[in-house]
S.K.: 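I have a structure I would like to understand better, so I am pasting it below and will then ask my questions one at a time.
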Amino acid sequence: MSKIIAITNQKGGVGKTTTSVNLGASLASLGKRVLLVDIDPQGNTTSGIGVNKADVVNCIYDVLINDVHPKDAIVDTNVPNLKILPATIQLAGAEIELVPTISREVRLKKSLQLVKHLFDYILIDCPPSLGLLTINSLTAADSVIIPIQCEYYALEGLSQLLNTVRLVQKHLNTGLQIEGVLLTMFDARTNLGIQVIEEVKKYFQTKVYQTIIPRNVRLSEAPSHGQSIVTYDPRSKGAEVYLELAKEVISV
Ligand SMILES: Nc1ncnc2c1ncn2[C@@H]1O[C@H](COP(=O)(O)OP(=O)(O)OP(=O)(O)O)[C@@H](O)[C@H]1O
Ligand SMILES: [Mg+2]
């Protein structure tokens, strides 16, 4: 059975893209057929997995706005079992161009329905906003993973995100669930990180993944080499924890 998971948090720089790429590659290394959907105009997942944006013929923009079939936009990555529907800067216009279009919130859902059967997991890397691209992602998804950075302002804005999830559940996608909450960039040397973990666990309880992603320099280096951690440094702590997370995701 295939599952569409949106990796979302409107807060910037919390580890959405790092999680999309490395969870995706880890699931693929466990034999799952995975599609990454880059719906962030920054296109960090696209470049981070080694796709040269200049070579992209059709991107997610063409799928959302020009009715291009997703099969004509999906490309292979350097990881077996892992494909990507890439984003380029063209997508920056989509947020505004979608506003007057018919069924603007369900465009991604309709497109992904056409290819869902080809994959075990579809991971959508959301932009840091709650605009129409994120609404499309939440409408298309079966569930959401919310990465939360282990730092002081971590919980700020979370009620707004959860409110958006509730609104989408009410009006657009009644089946939408919270897949899990992922603590990222944990630094064991600070008390603050431990406090954030306690607070997030108090709030989300069993929804919080056992796997906590620590700060790991190899994870931050990998994208500049166009690689996931699975191929960049499979022996690193970063590779180990994302593999653990993949096993947790599969186990539910
Ligand atoms: N566990 C980690 N250890 C070290 N660096 C990390 C880790 N996770 C993410 N980073 C780095 O932190 C920065 C932000 O991470 P990332 O791009 O994944 O966040 P994001 O939520 O996708 O950001 P945006 O909101 O801009 O899309 C990046 O430079 C990334 O390499
Ligand atoms: Mg990102």
Side-chain angles (χ1 to χ4, degrees), residues 1-8 16-53 55-88 90-91 94 106-127 133-134 136-145 147 173 175-177 179-180 182 223 226-231 242-243 245-247 249-250 252:
M1 204 194 73
S2 61
K3 197 176 218 181
I4 303 180
I5 304 175
I7 298 177
T8 193
K16 294 182 288 294
T17 299
T18 305
T19 298
S20 302
V21 169
N22 296 307
L23 173 60
S26 299
L27 287 167
S29 77
L30 292 170
K32 300 297 179 189
R33 298 164 304 162
V34 182
L35 174 67
L36 293 173
V37 176
D38 193 352
I39 198 161
D40 182 350
Q42 297 178 98
N44 294 339
T45 285
T46 302
S47 51
I49 199 67
V51 172
N52 187 349
K53 288 180 196 165
D55 296 339
V56 170
V57 179
N58 289 314
C59 82
I60 183 90
Y61 174 89
D62 301 291
V63 172
L64 291 171
I65 306 284
N66 297 332
D67 286 330
V68 165
H69 196 291
K71 269 189 183 166
D72 296 326
I74 292 170
V75 291
D76 289 334
T77 70
N78 48 30
V79 179
N81 292 331
L82 183 68
K83 293 178 189 283
I84 182 165
L85 210 177
T88 66
Q90 211 186 359
L91 185 62
V106 295
R107 290 192 158 238
L108 183 65
K109 183 189 176 90
K110 286 191 170 159
S111 295
L112 292 185
Q113 290 303 337
L114 302 174
V115 292
K116 193 177 178 184
H117 62 286
L118 300 171
F119 300 97
D120 298 307
Y121 290 94
I122 297 179
L123 304 181
I124 309 171
D125 181 21
C126 293
L133 293 173
T134 294
N136 262 274
S137 306
L138 298 181
T139 303
D142 297 302
S143 59
V144 295
I145 288 179
N173 181 5
L176 181 66
Q177 300 199 348
E179 183 76 30
L182 178 68
Q227 290 183 51
S228 80
I229 198 68
V230 176
T231 52
Y242 272 106
L243 191 62
L245 176 67
K247 289 177 184 165
V249 168
I250 290 171
V252 292

S.K.: Within this structure, what is the CG-OG1 distance for the pair Leu133 and Thr8, rounded to the nearest 0.5 Å?
M.R.: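 Between Leu133 CG and Thr8 OG1, I get 11.0 Å after rounding to 0.5 Å.
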
S.K.: Could you check if a side-chain atom of Gln42 sits within less than 4.5 angstrom of a side-chain atom of Pro127, using non-hydrogen atoms only?
M.R.: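 No, every pair of side-chain atoms sits at 4.5 Å or beyond.
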
S.K.: Are Val144 and Glu179 close enough that some pair of their side-chain heavy atoms sits under 4.5 Å apart?
M.R.: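 When only atoms from C-beta onward are counted, Glu179 and Val144 do not touch, as no gap falls below 4.5 Å.
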
S.K.: I'd like to check Tyr121 versus Leu23 (side-chain heavy atoms, cut-off strictly below 4.5 Å). Are they in contact?
M.R.: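 Tyr121 vs Leu23: side chains apart.
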
S.K.: Give a yes or no on whether Lys71 atom NZ has more than 12 heavy-atom contacts from other residues, nucleotides or ligands under 6.0 Å away.
M.R.: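 Check fails, neighbour count at 12 or below.
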
S.K.: Please report the shortest heavy-atom distance between Ile7 and Pro147, naming the atom on each side.
M.R.: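 That would be CG2-CG, 3.8 Å.
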
S.K.: Starting from the C-alpha separation in whole Å, work towards a yes-or-no answer on side chain to side chain donor-acceptor pair (under 3.5 Å) for Asn173 and Thr139.
M.R.: CA-CA 5 Å; Asn173 181 5; Thr139 303; 5.9 Å; no

S.K.: Please say which of Val56, Ile60, Ile74, Thr45 ends up in a side chain to side chain contact (heavy atoms under 4.5 Å, CB included) with Ile84.
M.R.: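 It is Thr45, the one option of Val56, Ile60, Ile74, Thr45 that forms the side chain to side chain contact (heavy atoms under 4.5 Å, CB included) with Ile84.
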
S.K.: Roughly how far apart are Asp72 CG and Leu85 CG, rounded to 0.5 Å?
M.R.: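 So the gap between those two atoms works out to 10.5 Å.
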
S.K.: Atom OG1 of Thr17 and atom CG of Leu36: how far apart are they, to the nearest 0.5 Å?
M.R.: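 So the gap between those two atoms works out to 10.0 Å.
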
S.K.: Working to the nearest 0.5 Å, report the span between NZ of Lys16 and SG of Cys126.
M.R.: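 Spacing of NZ (Lys16) from SG (Cys126) equals 8.5 Å.
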
S.K.: When you measure from the side chain of Asn22 to the backbone N and O of Tyr242, does any donor-acceptor pair fall under 3.5 Å?
M.R.: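 Not a single qualifying donor-acceptor pair exists.
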
S.K.: Quick check: do Ile39 and Leu64 have side-chain heavy atoms less than 4.5 Å from each other?
M.R.: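 SC-SC contact between Ile39 and Leu64 confirmed.
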
S.K.: Among His117, Lys110, Lys109, find the one that has a side chain to side chain contact (heavy atoms under 4.5 Å, CB included) with Gln113.
M.R.: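 Of His117, Lys110, Lys109, side chain to side chain contact (heavy atoms under 4.5 Å, CB included) with Gln113 is met by Lys109 alone.
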
S.K.: Check each of Ile122, Leu27, Thr77 against Val34 using the side chain to side chain contact (heavy atoms under 4.5 Å, CB included) test, and report the only one that passes.
M.R.: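 For Val34, the side chain to side chain contact (heavy atoms under 4.5 Å, CB included) check succeeds only for Leu27.
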
S.K.: Ignoring hydrogens, what is the shortest heavy-atom contact between Leu108 and Ser137? Give both atom names and the distance.
M.R.: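 Shortest heavy-atom contact: CD2-CA, 3.8 Å.
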
S.K.: Is any side-chain heavy atom of Asp67 closer than 4.5 Å to one of Arg107?
M.R.: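 Side-chain contact under 4.5 Å: yes.
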
S.K.: Ser111 and Val63: which non-hydrogen atoms are nearest, and at how many Å?
M.R.: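 The answer is OG-CG1, 3.3 Å.
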
S.K.: So do Asn44 and Pro223 actually touch side chain to side chain, heavy atoms under 4.5 Å?
M.R.: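 No. Closest side-chain heavy atoms not under 4.5 Å.
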
S.K.: With Asp142, which residues qualify under salt bridge (charged side-chain N to carboxylate O under 4.0 Å, His left out), at least two apart?
M.R.: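 Listed in chain order: Lys116.
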
S.K.: Restricting to non-hydrogen atoms, name the atom on Leu30 and the atom on Ala246 that form the minimum distance, rounded to 0.1 Å.
M.R.: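 That closest heavy-atom pairing would be CD1-CB, 3.9 Å.
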
S.K.: How long is the span from the CG atom in Asn81 to the CG atom in Asp76, to the nearest 0.5 Å?
M.R.: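 CG of Asp76 is found 10.5 Å from CG of Asn81.
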
S.K.: Could you list all the side-chain hydrogen bond (donor to acceptor under 3.5 Å, both in side chains) pairs where at least one residue sits in residues 24-33, not counting sequence neighbours?
M.R.: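 Checked against side-chain hydrogen bond (donor to acceptor under 3.5 Å, both in side chains) - neighbours excluded - the pairs reaching residues 24-33 are Arg33-Asp120.
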
S.K.: Can you tell me how far CG of Asp40 sits from OG1 of Thr134, rounded to the nearest 0.5 angstrom?
M.R.: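 If I round to the nearest 0.5 Å, the distance is 8.5 Å.
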
S.K.: Is the shortest side-chain heavy-atom distance between Ile49 and Val79 below 4.5 Å?
M.R.: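 Yes. Closest side-chain heavy atoms under 4.5 Å.
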
S.K.: Give me the atom names and distance for the closest heavy-atom approach of Gln90 to Cys59.
M.R.: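 Shortest heavy-atom separation between Gln90 and Cys59 comes out as OE1-SG, 3.7 Å.
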
S.K.: Sequence neighbours left out, what passes side-chain contact (heavy atoms from CB on, under 4.5 Å) with Asn66? Give chain and number order.
M.R.: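 Asn66: side-chain contact (heavy atoms from CB on, under 4.5 Å) contacts with Tyr61, Asp62, Val68.
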
S.K.: Tell me, do Asp55 and Val75 make a side-chain contact under 4.5 Å, heavy atoms counted?
M.R.: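 A side-chain contact under 4.5 Å is absent here.
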
S.K.: What closest approach, in Å, do Thr46 and Ala87 show between heavy atoms, and which atom pair accounts for it?
M.R.: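 Nearest pair, atom of Thr46 first, then Ala87: OG1-N, 2.9 Å.
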
